[in-house]
Amino acid sequence: MNFIQRIQSKGKLTDSQFQKTQGASPEVAQMTHVLGLKPRVLYCRPKPYKYFGSLIALRPGNYFLYEKKTKSVQSSLWLITRLSRSKRPFWGLRSHTVELFQNEPNWLLVLLQPGERGWLYEKADVEHKIHSQQWRKAKDNEYKINHPHDAQKKFHTLPELRTKIETIFDINLKYLA
């Protein structure tokens, strides 16, 4: 029995044993702390994904859950983070990441720069950028994201990012209710 089969046989999928090896950068670790995010290294997909099956291992330090409990429902939203430290920022988003989270009602992409600033995109925004060829797929199967100029998507502080996420979260809760 391989590692994934052992985890699946336990009935409950947890990733707490893997969180000790989170490879988050200091910037991402700070964001995680300020936003109260939960790092995740396992994703249980409702339908099998390609030849991987339903349980997918995620790269440590890049995938987080934002959870919020209301009076009647506890809900969560996936955040995918990418960090650029270059003077002229750029990021890569793997095409299989977009495909992997395709069945989620919504998820967020955080393009982070040092200094607690960056851009926040929802699933629909990412799909639009990809389909309109604003983010092109390279030969390495990564969508190349050069310095975005979407002023409405930009945040300058982590508390501002938190406000944007909470607004999106609240809209999603109303839509799902």
Within the distance-only criterion (no hydrogens, no angle test), does the side chain of [X] pair as donor or acceptor with the backbone N or O of [Y] below 3.5 angstrom?
X: T97; Y: L93; answer: no
X: S84; Y: W91; answer: no
X: D125; Y: E122; answer: yes
X: R82; Y: L109; answer: no
X: Q30; Y: P26; answer: no
X: D140; Y: E142; answer: yes

Item to complete: Taking the six-membered ring for Trp and the single ring otherwise, decide whether the centroids of W78 and F64 are under 6.0 Å apart.
Response: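 Distance test on ring centres: not under 6.0 Å, no.
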Worksheet item: Measuring from I165:CD1 to L35:CG, what's the distance to the nearest 0.5 Å?
Response: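 Nearest 0.5 Å value for the CD1-CG distance: 5.0 Å.
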Item to complete: Mind checking the CG-CG spacing from L120 to L79? Nearest 0.5 Å is all I need.
Response: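 Nearest 0.5 Å value for the CG-CG distance: 7.0 Å.
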Practice prompt. Check whether any side-chain heavy atom of D170 lies under 4.5 Å from a side-chain heavy atom of K68, and answer yes or no.
Written response: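 Heavy-atom side-chain distance check passes, below 4.5 Å.
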Worksheet item: Which word best sums up how the rings of Y66 and F169 line up, parallel for under 30°, tilted for 30 to 60°, or perpendicular for over 60°?
Response: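 Y66 vs F169 ring planes: perpendicular.
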So, for [X] and [Y], which heavy atoms are closest and what is the spacing to 0.1 Å?
X: T81; Y: G61; result: OG1-O, 3.5 Å
X: Q102; Y: K123; result: O-NZ, 2.7 Å
X: K164; Y: Q152; result: NZ-O, 2.9 Å

Practice prompt. Applying salt bridge (charged side-chain N to carboxylate O under 4.0 Å, His left out), name anything that partners E166, two or more places apart in sequence or on another chain.
Written response: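 Result, salt bridge (charged side-chain N to carboxylate O under 4.0 Å, His left out) vs E166: R162.
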Item to complete: Pick out which of Y121, F90, Y143 makes a ring pair (Phe, Tyr, Trp, His ring centres under 6.0 Å) with W135.
Response: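 Single ring pair (Phe, Tyr, Trp, His ring centres under 6.0 Å) partner of W135 among Y121, F90, Y143: Y121.
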